[in-house]
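Computed from a predicted model, the values in this text were never measured in an experiment. So that the names make sense, note that chain A is the first sequence line, chain B the second, and so on, each numbered from 1. Atoms considered below: every heavy atom in the structure, side chains included; atoms not considered: hydrogens, waters and symmetry mates.
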There are 2 protein chains.
Amino acid sequence: MTNNKAPVCGIEFINEEKVAIVKENFPDENEIFELAETFKMLGDPTRLKIVLALLISELCVCDLSALIGVSVSAISHQLRYLKNMRLVKFRREGKVVYYSLDDNHIVTIISETQKHVREN
Amino acid sequence: MTNNKAPVCGIEFINEEKVAIVKENFPDENEIFELAETFKMLGDPTRLKIVLALLISELCVCDLSALIGVSVSAISHQLRYLKNMRLVKFRREGKVVYYSLDDNHIVTIISETQKHVREN
DNA sequence: TTTTCACTTGAACAATTGCTCAAGTGATAT
DNA sequence: ATATCACTTGAGCAATTGTTCAAGTGAAAA
């Protein structure tokens, strides 16, 4: 089954069997999409800083703005994103809204990735 | 030191001390940037599929194109990106270029993130 | 009730991203 | 030499992203 012509695109499959084996062991499309979504969520410096901060302590929007150095509005937009992704939760105390992490796995994901960047 | 006026932006710091403590325990700007870069790299479905595939087997550009269902050119562009990020390496065998993973940590990062998406 | 404060929200905008297309490279086959 | 094949590359383009700005909301103080 090696070196057959693909009828549609005209590309020769160098190794159809290998491709088939990989396909069998592949996560389903939906899981891949969710994996990518999770990585994308952490792939923006502002959002990552928010998560890193909340990893240490519960904080209000104003604190996060001062700490990270971007506008309250920008922080709020990103917090909504993270809230929709169910990574953070919040509680209201008078006028102040406190955000905290609503996830157990993120610590491990981040520390594993820290190992990665430190050893490269 | 709580509830002081910030002279510049007019925002009240709800908790300056807490912000200071977080700041002390924060990774430096450069590490945060590299962390975000790593997550961003895995945050695109096409690139993630390439990595997931190479996690199983060494493959050529043509195989990856057939497996993932995007053009050879698109795959090649993403492989260059991943090569620059030193996540993949390649070897030439005649006309065919085989790509494989050049990283040990990525397996752990991905499987930890799989736990995350499966339990949410 | 009115004002103030902490935050949210939607629109708008520039910057970035991932793709396609067409041309180009390097290695083998003819 | 010439052609073919596997892949690379740069330009161009539509879609997405992260931010700002201005207006709006909800809670508490005046």
Side-chain angles (χ1 to χ4, degrees), chain A residues 2-6 9-16 19 33 36-37 39-51 58-85 88-99, chain B residues 2-6 9-16 19 33 36-37 39-51 58-85 88-99:
Chain A
T2 304
N3 290 324
N4 276 3
K5 283 278 181 190
C9 58
I11 293 173
E12 282 190 43
F13 289 119
I14 297 301
N15 200 327
E16 271 188 6
V19 172
F33 187 77
E37 282 277 286
F39 288 127
K40 189 190 261 179
M41 173 178 73
L42 301 170
D44 169 72
T46 301
R47 281 195 298 272
L48 183 59
K49 282 174 192 171
I50 291 173
V51 175
E58 177 192 67
L59 291 165
C60 70
V61 179
C62 178
D63 285 343
L64 285 165
S65 171
L67 173 75
I68 297 169
V70 312
S71 73
V72 167
S73 176
I75 293 287
S76 185
H77 276 295
Q78 298 295 12
L79 282 170
R80 177 165 55 162
Y81 180 111
L82 295 172
K83 200 172 61 191
N84 291 338
M85 295 289 283
V88 303
K89 61 177 188 285
F90 67 96
R91 66 181 179 85
R92 200 172 241 281
E93 200 177 301
K95 295 179 199 165
V96 184
V97 179
Y98 287 98
Y99 280 85
Chain B
T2 305
N3 290 322
N4 276 4
K5 286 277 181 190
C9 56
I11 293 171
E12 280 192 40
F13 288 116
I14 296 300
N15 200 329
E16 271 188 5
V19 172
F33 187 78
E37 282 278 284
F39 287 127
K40 188 189 260 178
M41 174 178 74
L42 300 170
D44 169 71
T46 303
R47 281 196 298 271
L48 183 60
K49 283 175 191 171
I50 292 173
V51 175
E58 176 192 68
L59 291 165
C60 70
V61 179
C62 179
D63 285 343
L64 285 166
S65 171
L67 173 75
I68 297 170
V70 310
S71 73
V72 168
S73 176
I75 292 286
S76 185
H77 276 294
Q78 299 294 12
L79 282 169
R80 180 167 50 162
Y81 180 110
L82 295 172
K83 199 172 63 190
N84 290 340
M85 295 288 285
V88 303
K89 60 178 190 282
F90 67 96
R91 65 182 179 86
R92 204 171 239 285
E93 199 176 304
K95 294 179 201 164
V96 184
V97 179
Y98 287 98
Y99 280 85

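- Between A:Y99 and A:F90, the ring-plane angle classifies as tilted under the 30° and 60° cut-offs.
- The separation between A:Y98 atom OH and C:dC7 atom P is 8 Å, rounded to whole Å.
- Comparing D:dA6, D:dG26, C:dC19 by their closest approach to the side chain of B:V96 singles out D:dA6.
- In this structure, A:N84 places its CG atom 12 Å from P of C:dT8, rounding to the nearest Å.
- At a threshold of 4.0 angstrom between heavy atoms, the contacts of B:Y99 are confined to the sugar-phosphate backbone, with no base atom among them.
- The side chain of B:R80 contributes an N or O atom lying less than 4.0 Å from OP1 or OP2 of D:dG10.
- Contact check, B:Q78 against C:dT17: no side-chain N or O comes under 4.0 Å of OP1 or OP2.
- Here the C1' atom of nucleotide D:dT9 and the CD1 atom of B:I75 are 16 Å apart, to the nearest Å.
- Using a 4.0 Å cut-off, no side-chain N or O of A:S76 falls inside it from OP1 or OP2 of C:dC7.
- Here A:K40 lies in heavy-atom contact (under 4.0 Å) with sugar-phosphate atoms only.
- Distance check: B:K40 NZ to A:L42 CG gives 13.0 Å after rounding to the nearest 0.5 Å.
- Formation of a donor-acceptor pair under 3.5 Å by the B:R91 side chain with backbone atoms of B:Y98 is not found in this model.
- A donor N or O paired with an acceptor N or O is found under 3.5 Å between the base of C:dC21 and the side-chain atoms of B:S73.
- The phosphate of D:dG18 has OP1 or OP2 within less than 4.0 Å of a side-chain N or O from A:R47.
- As rounded to whole Å, 13 Å separates atom P of C:dT20 from atom CD1 of B:I68.
- At whole-Å resolution of the value, OH in A:Y81 and C1' in C:dT8 are 19 Å apart.
- For D:dT19, the base is not stacked against the aromatic ring of A:H77, per a cut-off of 5.5 Å between centres and 30° between planes.
- In this structure, the CG atom of A:D63 is 11 Å from the P atom of C:dA6, given to the nearest Å.
- Taking only side-chain atoms of B:V97, from C-beta outward, the nucleotide of D:dC7, D:dG18, C:dC5 with the closest atom is D:dC7.
- Within the model, atoms NZ of B:K49 and CD1 of B:I75 stand 9.0 Å from one another, a figure rounded to the nearest 0.5 Å.
- Note that CG of A:D63 and CD of A:E58 are 10.0 Å apart. Values are rounded to the nearest 0.5 Å.
- Where A:D44 and B:C60 each meet DNA chain D at their nearest nucleotide, the meeting point lying more 5' is that of B:C60.
- Considering only side-chain N and O atoms, B:R92 lies nowhere under 4.0 angstrom from the phosphate OP1 or OP2 of D:dA6.
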